[in-house]
Amino acid sequence: MTLTQEAPVVTTTVVRRKPRNRDGWATAIMVAPATVLYIVMLIVPVGLALYLSLTDWDGFSANPAFVGAANYVDLLDDPELRRAALVTLLVAAAGTAGLNLLGLGFALLVNGVSRANTFFRIVLFYPHVLSALVVGFLWSAILGTTGAVNNLVTTWGGEVLPFLSDPTWATITMIAVLVWAGFGVNVVLYLAGLQAVPHSLIEAARIDGATRLQVFRNVTLPALGPSVTVNIVLSLVTLLKTYDLVVSLTAGGPAGQTQTVAYLILWNSFHDARLGFGSAQSVLLMLVTAALAFVVTRLRRRGELAVHQ
């Protein structure tokens with residue numbers, strides 16, 4: 001008698017994996033439009049500005065004359081640039097403070113869900129929707145020498161107020177208009193930060209007997225650290241490149257006392273046909289803006305870490 005034993009049948013399942021190259025190609029295809037846009041809109045203009053800053057070009061001749069670092073040397077001896085730099089730094093510092101103080105203050109006032117708060121949020125944000133050129137012409141018609149305010153003042157027997165004709169008044173007026181036109185964005189960003197503050201911490205502080213000021217200082221404000229950093233950096237960068245409102249509000253006057261660096265770049269490049277020199281100024285402004293944004297961000301991050309430790 002013969003016993004026959006069959007061998008066990010082993011089945012294997014072959015799992016076919018998609019080649020990794022397909023995933024790489026898919027990622028490249030999806031990233032390609034943004035990459036091309038970034039290169040065309042940022043890298044190429046910056047590279048062109050760097051090249052033109054080393055030339056003497058009027059914007060019309062076919063071959064720009066290469067002058068090396070001569071434009072950068074001339075920047076050091078340019079009194080107009082030094083004056084414009086001081087005005088720009090003053091506008092950036094005072095404007096950043098005003099934008100953030102008003103933005104945070106109004107965000108606290110309209111925080112919460114209600115029809116009234118929704119309406120006031122729209123009203124506060126609306127000036128930012130308007131073009132800066134339109135805002136400048138609007139306030140020039142209101143605060144100019146023959147504007148609406150001075151017409152009322154002279155009608156009542158008063159003297160004309162030099163909102164735009166005196167250097168100090170014009171600078172203050174320009175900063176105030178910039179803050180009025182832009183703080184709506186800060187309100188929106190601070191509202192987003194306030195929505196992220198844990199209500200449990202606020203309730204715990206109130207149960208412990210903390211006042212509203214103590215709750216804001218010890219709970220709300222530390223939790224808003226990232227929002228404060230973002231708002232400060234965005235406000236600073238935006239104000240450092242201010243030019244359009246200057247064009248329509250003061251045109252750099254009186255006597256060039258309200259010229260910002262960005263406005264001076266446009267004036268030198270197109271009015272004086274010195275595109276090489278204007279490009280050197282733009283490169284310098286770009287480097288200073290990047291450096292200030294980096295320093296402010298690092299200082300704010302250190303402050304946030306110190307609060308949480």
Side-chain angles (χ1 to χ4, degrees), residues 75 77-103 105-106 124 126-128 130-186 232 235-272 274 277-278 281-282 284-285 288-289 292:
L75 290 178
D77 298 326
D78 188 1
E80 281 192 340
L81 180 60
R82 288 196 292 267
R83 182 176 60 193
L86 290 176
V87 172
T88 303
L89 291 176
L90 176 61
V91 169
T96 299
L99 286 170
N100 284 275
L101 290 175
L102 283 180
F106 279 102
L124 293 173
Y126 181 73
H128 182 72
L130 299 175
S131 168
L133 288 172
V134 174
V135 170
F137 287 127
L138 172 65
W139 282 101
S140 178
I142 295 174
L143 301 177
T145 305
T146 58
V149 172
N150 277 315
N151 282 335
L152 289 175
V153 171
T154 54
T155 300
W156 294 338
E159 297 182 356
V160 173
L161 299 175
F163 290 111
L164 302 177
S165 58
D166 178 80
T168 302
W169 280 66
T171 303
I172 295 173
T173 301
M174 183 172 65
I175 295 172
V177 173
L178 283 168
V179 172
W180 175 85
F183 81 97
V185 176
N186 300 82
I232 289 177
S235 301
L236 183 65
V237 171
T238 301
L239 292 171
L240 284 173
K241 58 182 183 180
T242 298
Y243 75 93
D244 40 9
L245 189 134
V246 181
V247 172
S248 57
L249 182 64
T250 65
Q257 295 297 317
T258 59
Q259 287 182 342
T260 61
V261 174
Y263 178 87
L264 190 62
I265 290 171
L266 294 176
W267 183 268
N268 288 327
S269 298
F270 300 105
H271 182 271
D272 294 342
R274 300 175 64 193
F277 187 67
Q281 291 177 318
S282 65
L284 179 62
L285 177 61
V288 171
T289 302
L292 287 176

Residues Val288, Val261; criterion side chain to side chain contact (heavy atoms under 4.5 Å, CB included); working and verdict: CA-CA 11 Å; Val288 171; Val261 174; over 6 Å; no
Does the side chain to side chain contact (heavy atoms under 4.5 Å, CB included) test come out yes or no for Leu245 and Met174, once each step is laid out? CA-CA 8 Å; Leu245 189 134; Met174 183 172 65; 4.0 Å; yes
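Using modelled atom types, one side-chain atom of Thr173 and one backbone atom of Trp169 make a donor-acceptor pair closer than 3.5 Å. Judged by distance alone, with hydrogens and angles left aside, the side-chain atoms of Thr258 form no donor-acceptor pair with the main-chain N or O of Ala170 at under 3.5 Å. The main-chain N or O of Asn151 is found under 3.5 Å from a side-chain atom of Thr154 such that the two form a donor-acceptor pair. In terms of modelled atom types and a separation under 3.5 Å, the side chain of Asn150 and the main chain of Thr146 share no donor-acceptor contact.
The distance from atom CZ of Phe163 to atom CD1 of Ile142, rounded to the nearest 0.5 Å, is 10.5 Å. Leu138 contributes atom CG, which lies 9.0 Å from atom CG of Leu143 (distance to the nearest 0.5 angstrom).
Annotation for Asp77 and Pro79: closest pair O-CD, 3.1 Å, computed over non-hydrogen atoms. In this structure, Asn186 and Ser235 approach most closely via the heavy-atom pair ND2-OG, 3.2 Å. Nearest approach of Ser269 to Ile265, heavy atoms of both residues: OG-O, 2.7 Å. For the pair Ser248 and Ala132, the tightest heavy-atom approach, listed with the atom from each and the gap, is OG-O, 3.6 Å. Nearest heavy atoms, Val153 versus Glu159: CG1-O, 3.2 Å. Contact between Leu264 and Ala84 at its shortest, heavy atoms only, is CD2-CB, 4.0 Å.
Ring geometry for Trp139 versus Trp180: interplanar angle over 60°, hence perpendicular rather than tilted (30 to 60°).
Using a 4.5 Å cut-off on side-chain heavy atoms (C-beta onward), Leu240 and Val237 make no contact. The side-chain heavy atoms of Leu75 and Gln281, taken from C-beta on, include a pair separated by under 4.5 Å.
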